[in-house]
Amino acid sequence: LRFFQYIGKNCIVYYACHSEIMIPIAQTILHRLNILRVHSSLFEIILYDFLVISIILLLCTIASIVINHSKLKFMVGK
(Lines give C-alpha, C1' and ligand atoms only; values in the text may rest on other atoms or scores of the structure.)
Protein backbone atom coordinates (compact mmCIF):
# COMPACT_ATOMS: atom_id res chain seq x y z
CA LEU A 1 0.00 0.00 0.00
CA ARG A 2 2.84 2.41 0.81
CA PHE A 3 4.39 1.79 -2.60
CA PHE A 4 1.17 2.81 -4.36
CA GLN A 5 0.95 5.93 -2.19
CA TYR A 6 4.51 6.81 -3.19
CA ILE A 7 3.63 6.36 -6.86
CA GLY A 8 0.58 8.58 -6.38
CA LYS A 9 2.61 11.36 -4.78
CA ASN A 10 5.22 11.19 -7.55
CA CYS A 11 3.00 10.33 -10.50
CA ILE A 12 4.35 13.13 -12.71
CA VAL A 13 7.80 11.49 -12.76
CA TYR A 14 6.30 8.11 -13.59
CA TYR A 15 4.10 9.63 -16.29
CA ALA A 16 6.94 11.64 -17.84
CA CYS A 17 9.49 8.83 -17.87
CA HIS A 18 7.68 5.59 -18.51
CA SER A 19 6.73 5.82 -22.17
CA GLU A 20 9.60 7.31 -24.12
CA ILE A 21 12.47 6.51 -21.77
CA MET A 22 11.83 3.52 -19.53
CA ILE A 23 9.99 1.11 -21.86
CA PRO A 24 12.88 0.94 -24.39
CA ILE A 25 15.39 0.62 -21.53
CA ALA A 26 13.40 -2.23 -19.96
CA GLN A 27 13.13 -4.02 -23.29
CA THR A 28 16.86 -3.59 -23.90
CA ILE A 29 17.65 -5.00 -20.46
CA LEU A 30 15.51 -8.06 -21.11
CA HIS A 31 16.99 -8.48 -24.59
CA ARG A 32 20.54 -8.39 -23.21
CA LEU A 33 19.53 -10.99 -20.62
CA ASN A 34 18.32 -13.11 -23.55
CA ILE A 35 14.71 -12.88 -22.42
CA LEU A 36 12.87 -12.34 -25.67
CA ARG A 37 9.18 -11.86 -26.29
CA VAL A 38 8.11 -15.18 -27.72
CA HIS A 39 4.45 -15.63 -28.54
CA SER A 40 4.35 -19.34 -27.91
CA SER A 41 2.01 -19.33 -24.93
CA LEU A 42 -0.17 -16.93 -23.00
CA PHE A 43 1.86 -17.58 -19.84
CA GLU A 44 5.11 -16.47 -21.52
CA ILE A 45 3.49 -13.29 -22.81
CA ILE A 46 2.12 -12.45 -19.37
CA LEU A 47 5.46 -13.24 -17.72
CA TYR A 48 7.36 -11.05 -20.19
CA ASP A 49 4.93 -8.14 -19.67
CA PHE A 50 5.18 -8.56 -15.90
CA LEU A 51 8.98 -8.35 -16.12
CA VAL A 52 8.78 -5.23 -18.29
CA ILE A 53 6.36 -3.54 -15.88
CA SER A 54 8.52 -4.49 -12.87
CA ILE A 55 11.66 -3.04 -14.47
CA ILE A 56 9.80 0.13 -15.49
CA LEU A 57 8.49 0.63 -11.95
CA LEU A 58 11.95 0.05 -10.49
CA LEU A 59 13.62 2.50 -12.88
CA CYS A 60 10.92 5.14 -12.43
CA THR A 61 11.19 4.82 -8.64
CA ILE A 62 14.95 5.32 -8.83
CA ALA A 63 14.45 8.36 -11.09
CA SER A 64 11.85 9.76 -8.70
CA ILE A 65 14.15 9.35 -5.70
CA VAL A 66 17.02 11.05 -7.54
CA ILE A 67 14.84 13.95 -8.66
CA ASN A 68 13.21 14.41 -5.24
CA HIS A 69 16.56 14.48 -3.43
CA SER A 70 18.37 16.83 -5.77
CA LYS A 71 18.11 20.40 -6.94
CA LEU A 72 15.89 19.19 -9.78
CA LYS A 73 12.81 18.84 -7.56
CA PHE A 74 11.53 22.18 -8.85
CA MET A 75 10.80 20.34 -12.08
CA VAL A 76 8.03 18.38 -10.38
CA GLY A 77 6.69 21.27 -8.32
CA LYS A 78 8.32 20.50 -5.00
Side-chain angles (χ1 to χ4, degrees):
L1 184 64
R2 289 183 66 203
F3 181 69
F4 293 116
Q5 290 174 340
Y6 182 82
I7 291 175
K9 290 179 184 177
N10 298 291
C11 65
I12 194 156
V13 175
Y14 287 84
Y15 179 73
C17 291
H18 85 280
S19 180
E20 297 295 325
I21 300 170
M22 298 304 176
I23 291 175
I25 291 173
Q27 291 173 339
T28 302
I29 289 170
L30 290 176
H31 188 276
R32 289 196 180 191
L33 292 173
N34 237 1
I35 301 173
L36 305 173
R37 184 175 190 131
V38 179
H39 297 289
S40 60
S41 72
L42 181 62
F43 176 74
E44 290 176 355
I45 294 170
I46 292 171
L47 182 63
Y48 180 84
D49 290 341
F50 177 77
L51 289 172
V52 169
I53 290 169
S54 299
I55 292 171
I56 290 169
L57 284 174
L58 178 68
L59 293 174
C60 285
T61 302
I62 292 170
S64 175
I65 291 170
V66 168
I67 289 172
N68 288 335
H69 291 89
S70 69
K71 294 181 180 181
L72 298 175
K73 58 185 165 185
F74 72 90
M75 292 171 45
V76 291
K78 294 185 179 190

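Not measured: the values here are computed from a predicted model.
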Same cluster or not: are L30 and F50 linked, directly or through other Ile, Leu, Val, Met, Phe, Trp or Tyr residues, by side-chain heavy atoms under 4.5 angstrom apart? no

Nearest-0.5 Å distance, CG of residue N68 to OG1 of residue T61: 11.0 Å

In short, M22 meets L59 closest at the heavy-atom pair SD-CB, 3.5 Å

I25 and I55: same hydrophobic cluster, using ILVMFWY side-chain contacts below 4.5 Å? yes

Got a second to check how far L47's CG is from S41's OG, nearest 0.5 Å? 9.0 Å

Are L42 and Y48 connected into the same hydrophobic cluster when the rule is that any two of I, L, V, M, F, W, Y join if their side-chain heavy atoms are below 4.5 Å apart? no

Under a single-linkage definition using a 4.5 Å side-chain heavy-atom cutoff for Ile, Leu, Val, Met, Phe, Trp and Tyr, are I21 and I23 assigned to the same hydrophobic cluster? yes

Checking H31 against I35 for the side chain to side chain contact (heavy atoms under 4.5 Å, CB included) test, could you report, in this order, the C-alpha distance in whole Å, the side-chain angles of both residues, the deciding distance, and whether it holds? CA-CA 5 Å; H31 188 276; I35 301 173; over 6 Å; no

Is a side-chain N or O of S64 found less than 3.5 angstrom from the main chain of C60, in a donor-acceptor match? no

Can you tell me how far the CG atom of L58 sits from the CD1 atom of I62, to the nearest 0.5 Å? 4.0 Å

Shortest non-hydrogen pair, I56 vs A26, comes out as CG1-CB, 3.9 Å

